[in-house]
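Down below is the structure, laid out as structure tokens.
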Amino acid sequence: MGTFTVGITGGSGSPYTLKVVSALLELEHNVIIVSSKAGKRVLEIESDFLLEGTLENQLSAWQKQLNLNSKNATGLTILDENDYAASIASGSSNSLGMVVVPCSMGSLARIANGISSSLIERAADVMIKEKRKLILVTREAPLSVIHINNMLNLAEIGVEILPASPGFYHKPKTLEDLVDFIASRILDRLGVQNNLVPRWNGPTTEEK
Ligand SMILES: Cc1cc2nc3c(=O)[nH]c(=O)nc-3n(C[C@H](O)[C@H](O)[C@H](O)COP(=O)(O)O)c2cc1C
């Protein structure tokens, strides 16, 4: 199966991160995770998920948080945001695509301008230059003209901006239904087959 990179920055939306990582692993893909300092802080605030210590400790924390079995756990790699010698800093890496979820407006601005000041930004820069799939999952609202201009510059070179705006036409009943809606869209855009949410098949007889 394929290898995908998941960048975690300090935007709001950590439930999406957790769902995307666990779904990719369950579907037997390999996942390379790299988080910014702010990304870890938001995971802690929003999902009570504390990532600290060595990379080994962080890997164990992920395994515990996602309740991974030993088979799924082998597909997971954690990298340090300052490790510029890591595989994903090079175009020769086998990462098929990358999603930054959530993507802060600061990270989006730096990626839009080629400022590779962390491994997340460098890996995103590599995806752009190698013309591979790069998806930035944003939450910010409202958007400033600076944000919109940065998004336009990225969209023009093929980077996908995927706002975390769930639809309601599948009649979500729980928070998880809303999270699954966005996670499913992210997997779709990475080209990963999934059945996280039912596909829209037109209105039901009662809705017509
Ligand atoms: C709980 C929390 C939620 C945040 N949500 C957002 C957000 O949705 N969008 C955003 O651009 N920044 C948000 N921030 C601020 C960023 O974390 C901050 O700008 C940080 O410098 C981003 O760093 P990074 O891009 O290196 O991860 C949030 C911060 C916290 C603590």
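Every number for a ligand or one of its atoms is a count from 1 in the order of the listing. Bear in mind the structure is a predicted one, so any value in this text is a computation, not a measurement.
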Quick one: side-chain hydrogen bond (donor to acceptor under 3.5 Å, both in side chains) pairs with a partner in residues 148-165, sequence neighbours left out?
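Listed once each, the pairs are Lys133-Glu160, Glu160-Arg189.
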Does anything in residues 66-84 pair up under side-chain hydrogen bond (donor to acceptor under 3.5 Å, both in side chains), and if so which pairs, sequence neighbours excluded?
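Of all non-adjacent pairs touching residues 66-84, those that pass side-chain hydrogen bond (donor to acceptor under 3.5 Å, both in side chains) are Glu28-Lys71.
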With heavy-atom distances below 4.5 Å as the criterion, would you say the side chains of [X] and [Y] are in contact?
X: Lys19; Y: Leu196; result: yes
X: Val21; Y: Leu76; result: yes
X: Pro203; Y: Trp200; result: yes

Atom indices of ligand 1, in the order listed, that fall short of 4.0 Å to a heavy atom of Ala38:
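Here the atoms of ligand 1 in question are 17 (O), 20 (C), 22 (C), 23 (O), 27 (O).
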Report, as yes or no, whether the 6.0 Å neighbourhood of atom CZ on Arg122 holds more than 12 heavy atoms from other residues, nucleotides or ligands.
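Counting neighbours around CZ of Arg122, more than 12 heavy atoms of other residues, nucleotides or ligands fall under 6.0 Å, so yes.
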Would you say Lys129 has more than 12 foreign heavy atoms packed within less than 6.0 Å of its NZ?
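More than 12 within 6.0 Å, yes.
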Considering only the protein, which heavy-atom contact is closest to [atom], and what is its distance?
atom: atom 10 (C) of ligand 1; value: Glu140 OE1, 3.2 Å
atom: atom 2 (C) of ligand 1; value: Val42 CG2, 3.7 Å
atom: atom 5 (N) of ligand 1; value: Ser12 N, 3.3 Å
atom: atom 11 (O) of ligand 1; value: Met105 N, 2.7 Å

State whether any protein heavy atom lies less than 4.0 Å from atom 30 (C) of ligand 1.
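Given the 4.0 Å cut-off, atom 30 (C) of ligand 1 counts as touching protein heavy atoms.
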With a 4.0 Å cut-off, strictly under, does atom 19 (O) of ligand 1 pick up any protein heavy atom?
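It does not; no protein heavy atom is within 4.0 Å.
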When you compare ligand 1 with Gly10, is there at least one nitrogen or oxygen pair between them that comes in under 3.5 angstrom?
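Checking ligand 1 against Gly10, an N or O pair does fall under 3.5 Å apart.
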Quick one: does ligand 1 sit under 4.0 Å from the side chain of [X], the backbone, both or neither, non-hydrogen atoms only?
X: Thr9; value: both
X: Arg139; value: side chain
X: Ser36; value: side chain
X: Arg110; value: side chain

Between Phe181 and His170, what is the ring plane arrangement, given parallel below 30°, perpendicular above 60°, and tilted in between?
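Geometry flag for His170 against Phe181: tilted rings.
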